[in-house]
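The next block holds one structure in the form of structure tokens; read it before the comments.
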Amino acid sequence: MEEEERKKWIEMKREEYRVLKENSRFSLPWGKRLPAVASLSFVAGMALGLSHGSQTTGLRFRAENAHRLPTTPTGWYLYHKSKNYNMALGGVKEGFKMGAKVSFWTTAFFSVEEIFDRYRGTKDFVNTVIASLSVAGGFSLWNRFPVTTAARTAKSGLAIGLAYGLAQDAIGAARGRRPGYVDFILRGGRRKAAIEKNEMA
């Protein structure tokens, strides 16, 4: 008897997970998607920061030591050794900084998107666009951009959010999850709650 109940419980959990996976963006539930996104964005930011930081540190080292260039082979060896050490250290520092920044803003984007998915009760490109515009606005405020730069950032955020949101909707539709705006159009522009209220009355 216990064995049958255990099998039923396992089967029920599998079905719940299948439905959760089917209804999640990119078939990844929120609990798995957020750590994956945060990690991947940190690695991407780290790679960008490492490259940029080491190059900038190398140029700074050359500029700072331009007035006292070595004259002997041993001097040049020590010069390049010091330069490489400084470049590596500068690259790692900038890599961690850039990785943390990119990870923070990417996590913010996905978190806002998930908040609106739950609030609106539907997963579609509208939530993605709201998330991208919110993060673009927050990024502009954080960096104290002038109005023209903030507007350009918002325009880029809108374009990226629209493209990414529609791509997610297309993938979701291919897997059998209908986007929320399709249901809204099929209901004749009426909200789901209003239809349920009329049916109950």
Side-chain angles (χ1 to χ4, degrees), residues 8-53 92-143 145 150 152-187 191-193 196:
K8 281 181 184 176
W9 185 82
I10 290 170
E11 195 59 40
M12 186 180 74
K13 286 293 174 189
R14 279 187 185 154
E15 183 59 24
E16 280 177 15
Y17 186 73
R18 188 193 64 76
V19 169
L20 178 68
K21 195 175 170 186
E22 190 178 289
N23 291 329
S24 296
R25 292 177 182 267
F26 289 121
S27 296
L28 273 175
W30 171 243
K32 288 186 176 180
R33 193 168 74 239
L34 187 66
V37 163
S39 304
L40 288 172
S41 60
F42 181 81
V43 168
M46 179 87 175
L48 288 169
L50 195 66
S51 168
H52 180 259
V92 169
K93 280 182 181 175
E94 186 62 30
F96 275 108
K97 256 199 263 183
M98 183 69 80
K101 283 180 190 173
V102 172
S103 182
F104 172 78
W105 290 111
T106 306
T107 303
F109 168 76
F110 279 91
S111 298
V112 172
E113 184 183 49
E114 182 66 18
I115 287 166
F116 278 97
D117 283 351
R118 292 181 186 189
Y119 175 73
R120 291 182 62 234
T122 180
K123 291 174 171 55
D124 55 26
F125 80 95
V126 175
N127 301 337
T128 309
V129 169
I130 291 169
S132 64
L133 287 173
S134 301
V135 169
F139 185 75
S140 297
L141 278 172
W142 182 267
N143 290 298
F145 287 157
R152 198 176 326 123
T153 305
K155 198 193 292 184
S156 299
L158 176 65
I160 290 166
L162 201 58
Y164 181 63
L166 289 172
Q168 284 187 98
D169 286 353
I171 290 168
R175 291 177 185 248
R177 180 177 54 84
R178 209 158 50 181
Y181 53 86
V182 173
D183 289 333
F184 185 74
I185 292 166
L186 293 175
R187 286 193 307 261
R191 289 186 161 270
K192 197 173 176 182
E196 285 171 1

How long is the gap from [atom1] on [X] to [atom2] on [Y], to the nearest 0.5 Å?
| X | Y | atom1 | atom2 | result |
| --- | --- | --- | --- | --- |
| Thr128 | Asp117 | OG1 | CG | 7.0 Å |
| Met46 | Ser39 | CE | OG | 13.5 Å |
| Glu113 | Arg33 | CD | CZ | 6.0 Å |
| Thr153 | Leu158 | OG1 | CG | 12.5 Å |
| Phe110 | Ser41 | CZ | OG | 8.5 Å |

Flag, side chain of [X] to backbone of [Y], donor-acceptor distance under 3.5 Å:
| X | Y | value |
| --- | --- | --- |
| Asn127 | Thr122 | yes |
| Ser51 | Ala47 | no |
| Asn143 | Phe145 | no |

Scan for side-chain hydrogen bond (donor to acceptor under 3.5 Å, both in side chains) pairs involving residues 96-112, sequence neighbours excluded, and state none if there are none.
-> none

Can Trp142 and Phe104 be said to form a side-chain contact (heavy atoms from CB on, under 4.5 Å), step by step?
-> CA-CA 12 Å; Trp142 182 267; Phe104 172 78; over 6 Å; no

So which atom in [X] and which in [Y] form the shortest heavy-atom distance, rounded to 0.1 Å?
| X | Y | answer |
| --- | --- | --- |
| Gly157 | Ser132 | O-OG, 2.9 Å |
| Ala150 | Ser140 | CA-OG, 3.6 Å |
| Lys123 | Asp169 | O-OD1, 4.0 Å |
| Ala154 | Ala136 | CA-CB, 4.1 Å |
| Gly165 | Phe125 | C-CB, 3.5 Å |

Could you check whether the rings of Phe42 and Phe96 sit parallel, tilted or perpendicular, using 30° and 60° as the cut-offs?
->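 Phe42 vs Phe96 ring planes: tilted.
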
